[in-house]
Student: 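Provided herewith is a single structure, encoded as structure tokens, for subsequent inquiry.
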Amino acid sequence: MSTERYNPRGVEAKWQKTWTDAGSFLASNSSDKPKYYVLEMFPYPSGRIHMGHVRNYTMGDVIARFRKACGYNVLHPMGWDAFGMPAENAAIERKVHPKSWTYENIAAMRDQLKSMGLAIDWTREFATCDPEYYGHEQRMFIEFHKAGLVERKVSMVNWDPVDQTVLANEQVIDGRGWRSGAEVEKRELAQWFLKISDMSEELLSALDTLTDWPEKVRLMQRNWIGKSEGLRFSFVLEDEAGNQLDDKLTVYTTRHDTIFGASFCAISADHGLTQKAAQSSDAVKAFQKECAALGTSEEAIERAEKKGIPLGIYARHPFDAERRLPVYAANFVLIGYGEGAVFGCPAHDQRDLDFARKYGLDVIPVVAPKDADAATLDVGSEALLEKDTSTVHMVNSGFLDGMSVEDAKAEVAKRMADAGIGERKTNYRLRDWGVSRQRYWGCPIPFIHCDTCGVVDVPVADLPVVLPEDINFDKPGNPLERHDEWKSVPCPKCGAPAQRETDTFDTFIDSSWYFARFCSPHSDQPVDTDAASYWMPVDQYIGGIEHAILHLLYSRFFVRAMRKCGHLDLDEPFKSLFTQGMVIHETYRSQSGDWIVPAQIARDVDKATDTVSGEAVTIGPAEKMSKSKKNVIDPDDIIEQYGADTARWFMLSDTPPERDIEWTEAGVVGAWRFVQRIWRLVGQVADDNVSIVTEVLHKADADNIAELRKSTHMAIASVGDDITNLRFNRAIARVYELVNALAASLSSDDASDELKMAQREAAVSLVQLFAPMMPHLAEECWRALGGDGLVCDAPWPNHDESLLVSDKVTFVVQINGKKRAELQFAKGADREMVEDTCLRHENVVRSLDGLSVRKVIVVPDKLVNIVAG
RNA sequence: GCGGACGUGGCGAAAUGGUAGACGCAAGGGACUUAAAAUCCCUCGGCCGAAAGGCUGUGCGGGUUCAAGUCCCGCCGUCCGCACCA
């Protein structure tokens with residue numbers, strides 16, 4: 001074997017082909033081995049992979065290769081989240097068809113991913129825009145509809161009048177469309193909804209079973225579902241003159257204990273009673289308009305002043321005939337939550353207090369510290385919010401006086417229930433999932449609108465409803481709506497001329513079940529139930545935190561819906577979830593303030609220069625790689641220059657996987673040097689021919705061998721453990737240690753054959769340990785060392801526990817907790833002897849001068865602490 | 001405002017309550033070389049000391065413990081999520 005530098009070019013492609021030809025990573029749907037399903041969130045085919053992909057897929061790949069070595073039947077698939085707006089934008093801007101744009105991007109990105117050397121079963125690949133895939137999606141949606149999980153209802157949407165489309169809330173910036181800049185209108189549209197809110201409780205409570213998810217993500221989902229337990233009750237209304245009205249006002253509250261502190265009622269500007277009042281009041285009408293303008297804007301405006309307008313009606317206090325509460329339409333009451341109406345208790349709610357101060361309404365404290373005098377309580381500009389309810393009780397509250405908050409709630413709930421005006425009610429913030437999009441590049445919603453039969457689902461035999469390809473984007477809006485030939489179909493029920501639904505699905509639907517499809521990607525059913533019950537759930541799911549709520553929640557809902565329709569027998573899709581950090585990079589700006597790409601920068605220790613202009617540039621902090629700041633490194637360039645192994649190694653080194661990793665040139669070069677170092681060491685070992693003759697070992701060799709074996713087996717023990725727990729940075733540190741140990745061992749001259757054998761064993765283990773991270777280099781080394789077959793097929797090495805323990809242990813000797821000496825003893829040494837020896841150690845004697853020993857703590861085989869004073 | 005996470009050398013970071021800084025990067029010194037690259041060796045939290053060794057040190061202030069980066073209480077700071085949810 002030559003001692004040339006390792007050149008990944010050619011070598012990496014060679015091994016990739018070898019793996020493909022050997023079918024090394026094909027997953028079998030039946031096996032005696034235990035199964036392991038590792039999945040990284042599949043990419044959107046934007047055209048090129050970015051460093052975030054490299055990090056994500058490297059992590060998954062390490063797990064896949066490691067689990068395979070550990071004897072698992074591993075499923076590690078790849079696909080494409082291929083529907084979505086960018087394809088349409090490309091069509092509009094560059095006159096390319098969304099379909100060809102998407103599939104060309106997929107082809108390019110597939111090549112890029114393959115150049116990373118990923119252990120993926122490519123035979124399972126699919127794109128969500130494949131009619132075969134989305135046809136199953138259509139079929140399931142029809143089934144969901146029949147199972148009562150789907151609803152068509154009219155709802156308010158953000159409508160962009162220029163682009164002729166619905167916008168998500170995130171796409172509305174300061175009341176304007178993010179793309180067109182046009183003022184967004186509120187519009188009522190009939191849309192399809194998945195009734196995810198029906199599953200609020202289950203989706204919430206099952207979070208407790210997801211113990212292998214980050215607590216942060218579970219918390220975010222909990223907050224998103226937003227359970228609150230309270231009371232819903234109705235007020236009797238009257239007019240100015242005290243005449244009882246027909247209407248009642250129903251409100252929702254979690255603080256019914258404070259009912260005696262109520263001084264007004266506030267209802268949403270969109271509430272039915274506001275609408276009614278608006279019919280006879282221009283002022284109310286104007287107020288409604290004002291609120292509508294605020295509705296979609298930024299948080300700054302949303303935090304605007306509390307405002308309201310009296311409606312001239314009054315709510316009778318349920319427990320005090322003497323009191324009536326003025327009813328206001330108010331800008332801070334949401335129509336979409338609870339009843340869209342509340343009673344205001346200014347003393348104990350900051351919003352209500354702001355409102356009351358503005359309009360001169362009563363502020364009545366009703367919850368007070370037990371030792372306070374109720375008569376002298378005064379509320380300033382801050383509402384009283386007691387966190388510790390054990391120190392307070394009810395005051396100014398009639399029959400509730402003196403009760404605890406909890407007892408008061410119970411009493412109020414009971415009295416209201418008895419009076420038939422209220423009941424306990426649990427509310428959730430989680431809304432139903434609106435899935436209609438007025439878009440072309442998405443899965444057509446499989447329904448037909450017939451004038452006589454209404455909404456009719458497309459017969460299963462006619463699925464998939466395939467997107468027509470002869471469309472154009474000359475005009476704004478959804479091209480499907482203008483495609484009369486495609487739109488016009490006979491009604492499946494009555495045969496009369498009818499129209500297809502032209503909306504397509506939210507792309508979050510596509511990604512809500514792809515993981516199940518991977519189990520049987522060619523099945524004529526959405527999923528093959530046997531295959532799915534074999535592989536699911538995903539054992540390890542890896543992706544960005546940005547999907548903590550929507551994608552993961554929708555997927556959790558979807559598997560439940562699929563279970564209801566008999567496709568899956570599964571509670572949760574993802575057993576263990578890992579959210580990886582971002583890849584960040586410094587930013588560079590020229591003197592004139594323009595962003596400059598890193599490729600164009602010469603970086604010194606403390607300064608950076610633009611290699612094109614020769615100017616010094618300003619170095620900005622490391623931020624997420626983004627096109628706008630141009631701080632992007634192209635994975636292709638890195639792989640071309642250093643090879644995939646170097647890029648992979650860098651991605652895993654140093655920084656824990658959940659944190660943001662800073663990409664630096666120095667770091668990549670360091671990884672590159674390490675690749676070369678391994679290659680040199682392995683070359684050295686491979687070149688050392690071991691003769692058959694056995695020599696007598698000299699002492700130095702014996703120690704060397706013992707040291708090396710210990711290092712090897714310690715590395716084997718910890719690397720596997722670290723990878724299992726996704727502590728890649730620690731696994732890598734352990735590999736470094738082993739390399740250092742091997743290098744130290746190789747530096748001795750005239751090694752005996754035994755030593756050479758030990759070095760060879762160490763090198764072989766080393767190669768196996770880093771093989772999941774740097775698979776190409778590992779194969780090349782494996783072959784150089786004469787290993788059997790492919791290292792990717794080799795079983796993970798076992799460590800020999802007996803080599804890890806030595807018969808001597810080093811004790812730390814402390815005096816009052818401060819280290820004073822180190823002493824070696826035989827393992828399991830007698831306590832008294834240890835204590836005695838320590839007390840006679842010269843450092844200890846010196847430090848104890850003038851002190852008397854009070855106590856000696858001995859931690860066996862570890863530490864002695866002498867307490868003296 | 002509510003909720004959560006985090007705070008350790010010049011930097012990325014390690015550390016089942018038991019030797020703080022493993023491992024890597026950067027830096028400095030040296031060897032090899034005509035030279036450079038590559039490689040190898042040494043130093044590397046701060047202060048004192050020739051050394052042995054000592055003092056000090058994990059955001060700040062307290063506490064528990066024989067022993068605290070780690071556990072508890074209170075601050076300060078940074079980051080993230082939600083944000084009029086009644």
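Lettering of chains follows the sequences in order, A, B, ..., and the numbering in each one begins at 1.
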Student: Sequence neighbours left out, what pairs pass side-chain hydrogen bond (donor to acceptor under 3.5 Å, both in side chains) with at least one residue falling in residues 223-235 of chain A?
Tutor: A:E201-A:K227, A:S228-A:Y252, A:S228-A:Y337, A:R232-A:E339, A:R232-A:E423, A:S234-A:T250

Student: Would you say the rings of A:F264 and A:Y359 are close, in the sense that their centroids are separated by under 6.0 Å?
Tutor: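 No, the ring centres sit 6.0 Å or more apart.
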
Student: Taking 4.0 Å as the cut-off, does a side-chain nitrogen or oxygen of A:N740 come that near to OP1 or OP2 on B:G24?
Tutor: yes

Student: Under 3.5 Å between N/O atoms: give me all the protein pairs with nucleotides 6-13 of chain B, atom names plus distance.
Tutor:
| unit_1 | atom_1 | unit_2 | atom_2 | d |
| --- | --- | --- | --- | --- |
| B:G12 | O2' | A:T655 | OG1 | 2.7 |
| B:G12 | N2 | A:D654 | OD1 | 3.0 |

Student: Between A:D660 and A:K624, is the closest basic N to carboxylate O distance under 4.0 Å?
Tutor: no

Student: What interatomic distance, in whole Å, is found between C1' of B:C11 and the corresponding atom of B:A26?
Tutor: 7 Å

Student: With RNA chain B as reference, determine whether A:I549 or A:T254 sits nearer its 5' end, using the nearest nucleotide of each.
Tutor: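 On the 5' side of the pair lies A:I549.
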
Student: Given B:A83, B:G81, B:A86, which nucleotide is nearest the side-chain atoms of A:L334?
Tutor: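 So the side chain of A:L334 is nearest to B:A86.
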
Student: Across the strands shown, which category fits A:Y736 at heavy-atom distances under 4.0 angstrom: base, sugar-phosphate, nothing?
Tutor: sugar-phosphate

Student: Rounded to whole angstroms, how far apart are NE2 on A:H348 and C1' on B:G1?
Tutor: 18 Å

Student: Do A:K409 and A:E406 meet the salt-bridge criterion of a basic N to acidic O distance under 4.0 Å?
Tutor: no

Student: For B:U39, give the paired nucleotide (Watson-Crick: N1-N3 plus N6-O4 or O6-N4; G-U: N1-O2 and O6-N3; both under 3.5 Å), or none.
Tutor: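 Because both required distances fall under 3.5 Å, B:U39 counts as paired with B:A31.
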
Student: Nearest whole Å is fine: how far is B:U16 P from A:D721 CG?
Tutor: 12 Å

Student: Both distances under 3.5 Å, Watson-Crick or G-U wobble: report the partner of B:U70, or none.
Tutor: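 WC or wobble partner does not exist here.
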
Student: Rounding to the closest angstrom, what is the interatomic distance between B:A14 and B:C76 at atom P?
Tutor: 28 Å

Student: When you compare B:U58 with B:G7, how far apart are their P atoms, in angstrom units rounded to a whole number?
Tutor: 14 Å

Student: Measure centre to centre between the rings of A:W213 and A:F578, then say whether the value is under 6.0 Å.
Tutor: no

Student: Measure NZ/A:K227 against C1'/B:G3 and give the value in whole Å, please.
Tutor: 18 Å

Student: Reckon A:Y337 has a side-chain N or O less than 4.0 Å from the OP1 or OP2 of B:A86?
Tutor: yes

Student: Look at the side chain of A:F332 and decide which nucleotide, out of B:A83, B:C84, B:C23, has an atom nearest to it.
Tutor: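 Nearest listed nucleotide: B:C84.
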
Student: Tell me whether A:R659 is salt-bridged to A:D654, with the criterion being a basic N under 4.0 Å from an acidic carboxylate O.
Tutor: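 A salt bridge is absent here (no side-chain N lies under 4.0 Å from a carboxylate O).
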
Student: Expressed in whole Å, how much space separates the P atoms belonging to B:U39 and B:G24?
Tutor: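 My reading of the P atoms in B:U39 and B:G24 gives 14 Å.
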
Student: Between atom CD in A:Q221 and atom P in B:G4, what is the gap in whole Å?
Tutor: 17 Å

Student: Can a salt bridge be assigned to the pair A:D836 and A:R840 using a cut-off of 4.0 Å between side-chain N and carboxylate O?
Tutor: yes

Student: Can you list everything that forms a side chain to side chain donor-acceptor pair (under 3.5 Å) with A:R677? Sequence neighbours excluded, please.
Tutor: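 With neighbours one apart ignored, the set is A:N740.
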
Student: Could I get a table of every N or O pair under 3.5 Å where one atom is in the protein and the other is in nucleotides 61-71 of chain B?
Tutor:
| unit_1 | atom_1 | unit_2 | atom_2 | d |
| --- | --- | --- | --- | --- |
| B:C66 | O2' | A:N865 | ND2 | 3.1 |
| B:C66 | O2 | A:N865 | ND2 | 2.8 |

Student: So does A:E707 pair up with A:K710, basic N to acidic O under 4.0 Å?
Tutor: no

Student: Mind checking ring pair (Phe, Tyr, Trp, His ring centres under 6.0 Å) for A:F674 and listing every partner two or more places apart, or none if nothing turns up?
Tutor: A:W649, A:Y736

Student: Kindly say whether A:D270 contributes a backbone atom to a donor-acceptor pair with the side chain of A:T274 at under 3.5 angstrom?
Tutor: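 Pair absent, no side-chain N/O of A:T274 close to backbone of A:D270.
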
Student: For B:A86, what is the paired nucleotide under Watson-Crick or G-U wobble rules, both distances under 3.5 Å?
Tutor: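 Here B:A86 is not engaged in any pair, so there is no nucleotide opposite it.
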
Student: B:C79 P sits how many Å from A:E623 CD, rounded?
Tutor: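 Value for this atom pair: 12 Å.
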
Student: Round to a whole Å and report the spacing from CG of A:N331 to P of B:A86.
Tutor: 18 Å

Student: Counting only Watson-Crick pairs (N1-N3 plus N6-O4 or O6-N4) and G-U wobbles (N1-O2, O6-N3), all under 3.5 Å, who is the partner of B:G7?
Tutor: B:C76

Student: Of the non-hydrogen atoms in A:H317 and A:I259, which two are nearest, and what is the gap between them?
Tutor: NE2-O, 2.9 Å

Student: Listed by chain and number, what are the salt bridge (Lys or Arg N to Asp or Glu O under 4.0 Å) partners of A:D861, not counting sequence neighbours?
Tutor: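 In terms of salt bridge (Lys or Arg N to Asp or Glu O under 4.0 Å), with neighbours along the sequence ignored, A:D861 is linked to A:K827.
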
Student: What's the gap between B:G45 and B:C32 when it is taken at their P atoms, as a whole Å value?
Tutor: 28 Å

Student: Pick out the pairs of N or O atoms, protein on one side and nucleotides 55-60 of chain B on the other, that lie under 3.5 Å.
Tutor:
| unit_1 | atom_1 | unit_2 | atom_2 | d |
| --- | --- | --- | --- | --- |
| B:C55 | OP1 | A:R820 | NH2 | 3.1 |
| B:C55 | OP2 | A:R820 | NH1 | 3.1 |
| B:U56 | OP2 | A:K818 | NZ | 2.9 |

Student: Could you give me the CA-CA distance, side-chain angles and deciding distance for A:T258 and A:D349, then say whether side-chain contact (heavy atoms from CB on, under 4.5 Å) is met?
Tutor: CA-CA 10 Å; A:T258 65; A:D349 183 290; over 6 Å; no

Student: Go through the structure and list residues passing ring pair (Phe, Tyr, Trp, His ring centres under 6.0 Å) with A:Y554, not counting sequence neighbours.
Tutor: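 Testing A:Y554 for ring pair (Phe, Tyr, Trp, His ring centres under 6.0 Å), a comparison that skips the adjacent residues, returns A:W433, A:F508.
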
Student: Nearest heavy atom decides the nucleotide; on that basis, is A:R727 or A:K216 closer to the 5' end of RNA chain B?
Tutor: A:R727

Student: Can you tell me how far C1' in B:G53 sits from the matching atom in B:G69, rounded to whole Å?
Tutor: 26 Å

Student: Carefully, step by step, assess A:R727 and A:D721 under the rule salt bridge (charged side-chain N to carboxylate O under 4.0 Å, His left out).
Tutor: CA-CA 8 Å; A:R727 295 184 297 230; A:D721 191 47; 3.4 Å; yes

Student: Considering only side-chain heavy atoms of A:N843, which listed nucleotide, B:A86, B:G4, B:G53, is closest?
Tutor: B:G53

Student: Can you check the A:I815 CD1 to B:G54 C1' distance for me, whole Å?
Tutor: 13 Å

Student: Which protein N or O atoms sit under 3.5 Å from an N or O of nucleotides 27-32 of chain B?
Tutor:
none

Student: Could you work out, with side chain to side chain donor-acceptor pair (under 3.5 Å) as the rule, every residue matching A:E658, not counting sequence neighbours?
Tutor: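 For A:E658 there are no side chain to side chain donor-acceptor pair (under 3.5 Å) partners, ignoring immediate neighbours.
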
Student: Could you measure between the two P atoms, the one in B:C44 and the one in B:G21, and give it in whole Å?
Tutor: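 Their P atoms lie roughly 12 Å apart.
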
Student: Indicate whether the side chain of A:T810 and that of A:E822 have a donor and an acceptor atom separated by less than 3.5 Å.
Tutor: no

Student: Could I get the full list of side chain to side chain donor-acceptor pair (under 3.5 Å) partners for A:D432, not counting sequence neighbours?
Tutor: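 Checked A:D432 against side chain to side chain donor-acceptor pair (under 3.5 Å); matches are A:K153, A:S197.
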
Student: Please give the distance between the P atoms of B:C75 and B:C2 as a whole number of Å.
Tutor: 12 Å

Student: Just by protein heavy atoms under 4.0 Å, how would nucleotides 37-47 of chain B read 5' to 3' in B, S and -?
Tutor: --SS-------

Student: Is there a side-chain contact between A:T810 and the phosphate of B:U19, meaning an N or O under 4.0 Å from OP1 or OP2?
Tutor: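 Checking B:U19 against A:T810, no side-chain N or O comes under 4.0 Å of OP1 or OP2.
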
Student: Return the value, rounded to whole Å, for the distance between atom CD1 of A:I584 and atom C1' of B:C79.
Tutor: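 That distance rounds to 12 Å.
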
Student: When syn is taken as a glycosidic angle within 90 degrees of 0, is B:G9 syn or anti?
Tutor: syn

